Structures are given as C-alpha cells and as structure tokens.
2 protein chains.
Amino acid sequence: MNIGEASNVSGVSAKMIRYYESIGLIRPPLRTDSNYRVYGDDEVHVLRFVKRARTLGFSVEETSTLLGLWQDKSRASAEVKDIATGHITALETKIAELQGMVKTLKHLAHCCGGDNRPDCPILDDLAGEPTPKGH
Amino acid sequence: MNIGEASNVSGVSAKMIRYYESIGLIRPPLRTDSNYRVYGDDEVHVLRFVKRARTLGFSVEETSTLLGLWQDKSRASAEVKDIATGHITALETKIAELQGMVKTLKHLAHCCGGDNRPDCPILDDLAGEPTPKGH
DNA sequence: CCTTGACCTTCCCATCATTGGAAGGTCTAT
DNA sequence: ATAGACCTTCCAATGATGGGAAGGTCAAGG
C-alpha cells in the first residue's frame, strides 16, 4: 500500500511517516519503480506501535527505545518497566505543576469581580502587588 | 541598569529579555552611547509581570494582552477574568489528558512483572495486542 | 597605559514534533 | 489526452528557549 493508505490505517500522518523515517525511528520501506513508498502489514504494525506510544506521551526518543525492545525477542521486561515508570513520574510532576497554576489562577479569578470596574486582583497579582484578603 | 542586572532582579534571562523586545512584547529600552540597553524600575516591573504570567502558564500572546490591559487604566476586569478562566479550562483539559496517560501507564506497569522474562504487557499494549486480565 | 575579565552587542543555529506549501512526477479513470 | 488525486523532495514556520561565535565596552589593578 502507498503512504496515504498506511497513514489512514495507522493514524500517523504521511508527513510524520516520512519524518520518522528521516530521523531513523522507522526503517525506510521498499519503493516502487516510480519511487513510491510501499508499506505492508508489518510496517503498519510498527506505525501503530509508534502512534500508541506517542499518544501515551512517550517522546520519540523513548519510543525508539521501546520499539527496539519490542523487536528484540530476548529483551527483559525490566527495562521497559523502568522507562514506563520514569515516564509516569515525569507526567505526575508535570500534572502537579499545572495543578499549582490552576489553583493560583482559580484563587485570583475568584477574587476578581469580572465586572466593568478597572479593579482587577488578577492583574494586581501579576504586577506583584500582594492580593489582600487571602480568602 | 544593564540587561544583566535587570535579568537578575526580574528573573527573566537576558536572552529572553532581548527576545521579548524583538517580538514586540516589551518596548525597546533606552540605550547608552555605547549601545547598551538601560532599564529602570518601570521596565523591571514589566519584566516581573511577564515573568509571573509566564510562570502561571500564560502564553506570550496572552501575556501580551494581559500586559496591555494592565497598562490600560480604564480597562474592565471582565476581559482579564475571561482570559484567566479560559486559561484555567485549557490547563484542566491538559491535566485530564495527562492523567489519562498516567492511568493507562500505571495499569500497564502494574501488569508488568519488570523481571528478566521477555514477557511484557506494556509492549504488548503498545503493539496493539489486548492486555488480558484487565485487573 | 595596558591588560584582564566580565559584561554587552548582533547574528545564526539547535531544540521538539508537527504542519504547510511549492514544484514537480505518477497513477487512474474518463 | 486530460483531470485530479496521489506521490516525491525540499524548505520554512511554529513557540519558547538555550548555545555560541565574533566583536565592542567597561572597570579594576599592575
């Protein structure tokens, strides 16, 4: 099948398929006489693997490692688990960070009348003036 | 003061100060005869505002709008609140997304022995094979 | 006066993952 | 033969930041 169909069935855009090939994440496929890329079921399987890993937030780098481990029949699951748990930790750190932002913003928004007066605790906070009434 | 000191007291790197100036987020400051940028308290106040907004996850674009509203003495707080609450929503969406990833990964990691056997539910999932024993 | 080192200037490049587009070749169906 | 839907490569942009080169400037000390 052509790159377009491979894209459809894998969920990876044609652009990205070419990009993944260019950076060596996936192997260059066979070509037709007219230089079109040709994909088979195995290649699509790889693309689906990549898609799923990226969807779960693994970086391309991590995906590359996972792909190597997947294709290595003798690999140990320990390494895979390490990558996954490391990624979980990173995600949780990011989540905590975002939650901190949300908490602060909600507090500020709650203090803000949101009316037509020029008074605004949100801007006051951004400007560095302490928000009084720490409700 | 020079850009280095302005950077120290505002927490914005010199690189970023120049960048913010180049994209028009902040105004070009005065220059000495030898072409050094000169910052005063007002400029530092702006830099702090920008720093705080960025820390709270506002994009440069949003920060620019907030900065305009801050400097507009007659602004209404309604617009500020809209931007803030919109940002909160975006953050919460992002958080939910990350939490979904974490949930899936934790499930997979839980099912994974992490031992030296080549068996690995994490890879199986990535490969598209259903994880059995949906424990 | 001269040197040293810490500062400053501009300019270009790299990152990460992805998208967009131009210019041109190919395939399929009418 | 031609239309239009595909494919190819190559180049550029995104957003926010960091790195670094090449060169100018300033203050302190020998």
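Worth saying up front: this structure is predicted, and the values here are computed from it rather than measured. Letters A, B, ... are given to chains in the order of the sequence lines, protein chains preceding strands, and every chain is numbered from 1.
Distance, B/M16 CE to D/dT17 C1': 6 Å, rounded to whole Å. When the C1' atom of C/dT18 is taken as reference, atom CD of A/E21 falls 17 Å away, rounded to whole Å. As rounded to whole Å, 14 Å separates atom P of D/dC6 from atom CD1 of A/I17. Put simply, OH on B/Y36 is 13 Å from C1' on C/dT10, counting in whole angstrom units. Note: CD1 (B/I3) to P (D/dT25) measures 17 Å, nearest angstrom. One can place CZ of B/R18 at 12 Å from P of D/dG18, the figure rounded to the nearest angstrom. Whole-Å rounding puts the B/L30 CG to C/dT9 P distance at 13 Å. Rounded to a whole Å, the OH atom of A/Y19 is 6 Å from the P atom of C/dA17.
At the heavy-atom level, A/T32 lies nowhere under 4.0 Å from the strands shown. Across all strands, A/R37 comes closer than 4.0 Å only to sugar-phosphate atoms, never to a base (heavy-atom distances). Residue contacts shown for A/R54 are limited to sugar-phosphate atoms, with no base heavy atom under 4.0 Å away. Within the nucleic acid shown, A/S59 comes within 4.0 Å of sugar-phosphate atoms alone, with no base atom in reach, counting heavy atoms only.
Regarding contacts with the backbone of C/dT18, a side-chain N or O of A/Y20 is found under 4.0 angstrom from either OP1 or OP2. In terms of phosphate contacts, B/S34 brings no side-chain nitrogen or oxygen within less than 4.0 Å of OP1 or OP2 of C/dC8.
Ranked by how close their nearest DNA chain D nucleotide is to the 5' end, A/N2 and A/K15 are led by A/N2. For the pair B/V38 and A/F58, nearest-nucleotide mapping onto DNA chain C gives the more 5' position to B/V38.
With hydrogens and angles ignored, the 3.5 Å screen pairs a side-chain donor or acceptor of B/R48 with a backbone N or O of B/V9.
Side chain of A/R31, nearest nucleotide from D/dT9, D/dA16, C/dC8: D/dT9.
When the side chains of ILVMFWY residues are joined at heavy-atom separations under 4.5 Å, either directly or via intervening members, A/V44 and A/L30 end up in two distinct hydrophobic clusters.
Within 6.0 Å of the CD atom in B/E92, the count of heavy atoms belonging to other residues, nucleotides or ligands exceeds 12. Heavy-atom neighbours of B/R31 CZ from other residues, nucleotides or ligands within 6.0 Å: above the threshold of 12.
For the atom pair A/R54 CZ and A/Y20 OH, the distance stands at 5.0 Å (nearest 0.5 Å).
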